[in-house]
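Written below as structure tokens is the structure these notes are about.
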Amino acid sequence: MTSDLPNGPGTAPVAPRIASTRSHHGDDVIDEYAWLETKDDPAVTAYLEAENAWTERATAHLSGLRETLFGEIKGRTQETDLSVPVRKGAYWYYARTEAGKQYGIQCRRPVAAGETAPPTPAADGTAPADEEILLDGNELAAGHDFFALGTLDVSPDGRLLAYSTDYTGEERFTLQIKDLTTGEILPDRIEGAFYGSAWSVDGSQLFYLTVDDAWRPHRVWRHAVGSTGDDTLVLEEADERFWIGVELTRSQRFIQLDIHSKITSEVWLIPADEPTAAPTVVTPRVQGLEYSVEPQGDRLLILHNRDAADFTLAQAPVSDPADWQELIGHTQGVRLEGVDAFADQYVVSLRREGLTGLRLFPTAGEPTSKPRDITFPEPLYTVGLSGNPDYQTDQLRLTYTSMVTPDSVFDYVVATGELLLRKRKPVLPGPDGEPFDPARYEQHRVWATADDNTGVPISLVCKAGTPTDGSAPLVLYGYGSYESSMDPWFSIPRLSLLDRGVVFAVAHVRGGGELGRHWYDDGKLLAKRNTFTDFVACARHLAKSGWTSPDRIIARGGSAGGLLMGAVANIAPEAFAGIVAQVPFVDPLSSILDPSLPLTVTEWEEWGNPLESPEVYAYMKAYSPYENVADLDYPAILAVTSLNDTRVRYSEPAKWIAALRHTAPRGEYLLKTEMGAGHGGPSGRYDAWKEEAFVTAWILDRVGLAG
């Protein structure tokens, strides 16, 4: 780290090196920064605060640019806004925001007589006169630095609201119940709840989840509303690889308990009108068999991967759920990702050639009724079902976006196939005063060639007319884990980069799910290195083809994408001008070796079990960013983390930055720790915009555009 900063001289913090030995499979590793893992140690707090002070000092020359960028994000955002109302029973439900307030306000209004279309919000986003406020996040957050909602669940009769709150970012919530007829908060109060809940049909019973010491949701409980006694344990999952989810099905026929590991599923059902009945299993778990269940009438729609890598759809009678009969056969390369059932149709969410899609199947006239694909004209886009709580419906709510099209809400008319645009996210004029125009930007799909000759897709968006002579700066984003796909999305903050001539690209590397199940399988476990080399291949292709140059590329990723950032820094530091790693998983071996840590055991099917396997241990050690820091000419690195992150410990980037400073002292490394937040960073929208402005300013500085 250079000692002369724009604001004057200074030196970066130096973390003490205290030897601590880790021994596995005959391998002794001395970890000099393991002491940073002790969160409650005052020395750790002091060190993190010193790093924050240094980061602020090292970026002080960007304070004006940060304010400018924050102003651009804020200025382009309609701060007082209202979502498209969603009908559930006798009410339209929606959320709205108000200028100057950090958090959303959850609301509803009655459905008027004869009203079939959602009420049109006022152009300025103000509240309708007959609204009822369910929860105001700003009131709940008052006096707290952090606030998050975990559950927001209205009972089927619309009378009660279950909601849960977190004030630390640790994702353990306090669950409460509000009587929506009186506005009273009931005395029912449950501490330590997790995300998710489900009501019985009559609203007398509330199902919820709790987690074990490793933050794994492992127990389902039933709470009798108004009860002061102990709640009833409904189901407990002892296998530490599995976690549980709970929901009331759209048909309101069942309380559904979904049990999953990374590669195995099991579903249990409870009649929603008999909530005290014992759950029954659909099909007992079989290692490697993944399935999900969607009730429709007297049958269950079952999406599964039995002899079908990209999944197939079956049906089974409710009376005999193990009797699976094929509805949609397996097609290699067409990944079936979900099914949503309604009274008169079901919709399959799928992925083909790297793009999302929806296919509607009318149930009248089965099996001869023909499916319909819901399509859009843009070459790159993301489409999905959203906000369809009613089982009886003749319209389907869709969300749509692309790299140049703001988030859009459509209603699809089942009878005619008509798409009704209900709302497109407003984008207000930028600093030049010109209205937002998608035609000012271009989106492209290009392909890089990986080391093993595999084609890797890249999505790009840039200002129209951007030169391809290597002069344009470029941000290359990547993730590549858990079969999560980085589908095209629109971003108001990104416009501040694009309008300054920066290209934004997404490398759809293996380990994600963009090209089907094989794309995921080829980037996990002992094939994980493909994720990293794919990303490097994308960076080199973009430079070779003139989109940018190595000294103009900034790599960016978070969480498991932060592992990607750390790995490519070691593999090809010369390919990047800078790296942004957010809540980065850069010390994976230390974490995965410790089963007492949150989520570790559930992760073994993603990364492997280095405790049991010497081969996995050696493989992970060979790519661990922290354990492979060397005396290299690293690009500038900005690591951003949160003290209360339960998914990726703050200590991972803290140790990584400390090791980089010691081993490769010529580089410029910054660590920024949110001292009161969790995995998602700051909780309020204005605070989140300021965080994004901070990162964007750092990126622009690295590519010479901070002036």
Side-chain angles (χ1 to χ4, degrees), residues 83-88 116-118 250-251 292 294-296 301-303 310-315 327-425 438 443 445 457 459 484-490 508 513-516:
S83 68
V84 179
V86 173
R87 181 168 183 171
K88 182 181 179 183
T116 57
R250 182 183 285 112
S251 64
S292 60
E294 181 79 350
Q296 187 188 47
L301 299 179
I302 301 170
L303 197 72
D310 281 327
F311 287 69
T312 185
L313 184 67
Q315 64 177 353
L327 279 176
I328 301 176
H330 178 251
T331 302
Q332 187 72 35
V334 180
R335 173 70 161 91
L336 306 186
E337 295 194 319
V339 60
D340 287 85
F342 303 88
D344 300 314
Q345 62 272 332
Y346 62 90
V347 180
V348 173
S349 300
L350 55 85
R351 182 176 300 279
R352 181 175 51 197
E353 298 177 353
L355 292 177
T356 56
L358 296 173
R359 185 168 295 166
L360 182 143
F361 292 79
T363 54
E366 279 190 319
T368 58
S369 58
K370 294 184 179 180
R372 285 180 264 154
D373 285 333
I374 302 173
T375 60
F376 294 84
E378 288 188 90
L380 298 177
Y381 62 81
T382 302
V383 63
L385 289 183
S386 176
N388 292 279
D390 278 351
Y391 184 61
Q392 296 277 352
T393 183
D394 57 6
Q395 295 186 8
L396 300 173
R397 179 65 53 84
L398 315 180
T399 56
Y400 175 88
T401 189
S402 78
M403 304 285 261
V404 300
T405 302
D407 299 351
S408 307
V409 176
F410 289 90
D411 280 340
Y412 178 83
V413 181
V414 174
T416 65
E418 185 181 6
L419 279 167
L420 305 174
L421 178 61
R422 298 302 190 188
K423 182 173 183 177
R424 181 155 285 153
K425 182 176 182 176
Q443 56 180 349
R445 169 64 60 85
S459 298
S484 295
S485 299
M486 296 295 103
D487 294 313
W489 76 96
F490 184 83
H508 302 288
E514 286 87 343
L515 297 181

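As the structure is a computational prediction, the values presented were derived from the model and not from experiment. For this chain, numbers begin at 1 and follow the sequence in order.
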[X] and [Y]: which non-hydrogen atoms are nearest, and at how many Å?
X: Pro488; Y: Thr401; answer: O-CG2, 3.5 Å
X: Ser402; Y: Thr405; answer: OG-N, 2.9 Å
X: Pro457; Y: Leu515; answer: CD-CD1, 4.1 Å
X: Gly513; Y: Ser485; answer: C-OG, 3.1 Å
X: Arg445; Y: Ser459; answer: NH2-OG, 3.1 Å
X: Gly333; Y: Asp310; answer: N-OD2, 2.8 Å

Next item on the list: Just jot down the side chain to side chain contact (heavy atoms under 4.5 Å, CB included) partners of Ser484, sequence neighbours excluded, or say none.
Entry: Tyr479, Tyr482, Met486
Note to self: With a 4.5 Å cut-off on side-chain heavy atoms, are Thr393 and Asn388 touching?
What the structure shows: no
Check: Any side-chain heavy atom of Pro371 within less than 4.5 Å of one from Leu360?
Finding: no
Contacts of type ring-ring contact (aromatic ring centres under 6.0 Å, His included), residue [X], not counting sequence neighbours:
X: Phe361; value: Tyr346
X: Tyr412; value: none
X: Phe410; value: Phe376
X: Phe342; value: none

Note to self: side-chain contact (heavy atoms from CB on, under 4.5 Å), that's the test. Do Val383 and Ile374 meet it? Break it down for me.
What the structure shows: CA-CA 9 Å; Val383 63; Ile374 302 173; 5.5 Å; no
Could you tell me the separation between the [atom1] atom of [X] and the [atom2] atom of [Y], rounded to the nearest 0.5 Å?
X: Gln395; Y: Leu419; atom1: CD; atom2: CG; result: 10.5 Å
X: Ser292; Y: Ile302; atom1: OG; atom2: CD1; result: 9.0 Å
X: Leu336; Y: His330; atom1: CG; atom2: NE2; result: 8.0 Å
X: Leu398; Y: Leu385; atom1: CG; atom2: CG; result: 6.0 Å
X: Thr312; Y: Leu303; atom1: OG1; atom2: CG; result: 8.0 Å

Apply salt bridge (Lys or Arg N to Asp or Glu O under 4.0 Å) to [X] and list each qualifying residue two or more places apart in sequence or on a separate chain.
X: Lys88; answer: none
X: Asp487; answer: Arg351
X: Asp340; answer: Arg250

Partner residues of [X] under the side-chain hydrogen bond (donor to acceptor under 3.5 Å, both in side chains) criterion, sequence neighbours left out:
X: Asp373; result: Arg359
X: Ser251; result: Thr249
X: Tyr400; result: Glu378

Item checked: Pairs flagged by salt bridge (Lys or Arg N to Asp or Glu O under 4.0 Å) wherever residues 395-418 is involved - sequence neighbours left out -> Arg397-Asp411, Asp411-Arg422
Notebook entry, point to check: More than 12 non-hydrogen atoms from neighbouring residues, nucleotides or ligands closer than 6.0 Å to NZ on Lys423, yes or no?
Noted result: yes
Taking [X] for the side chain and [Y] for the main chain, is one N or O donor matched with an acceptor at less than 3.5 Å?
X: Arg335; Y: Glu514; value: no
X: Gln296; Y: Gln345; value: yes
X: Ser408; Y: Pro406; value: yes

Margin query: Determine whether Leu355 and Leu380 satisfy the following criterion, side-chain contact (heavy atoms from CB on, under 4.5 Å), listing intermediate values before the conclusion.
Written below: CA-CA 7 Å; Leu355 292 177; Leu380 298 177; 4.2 Å; yes
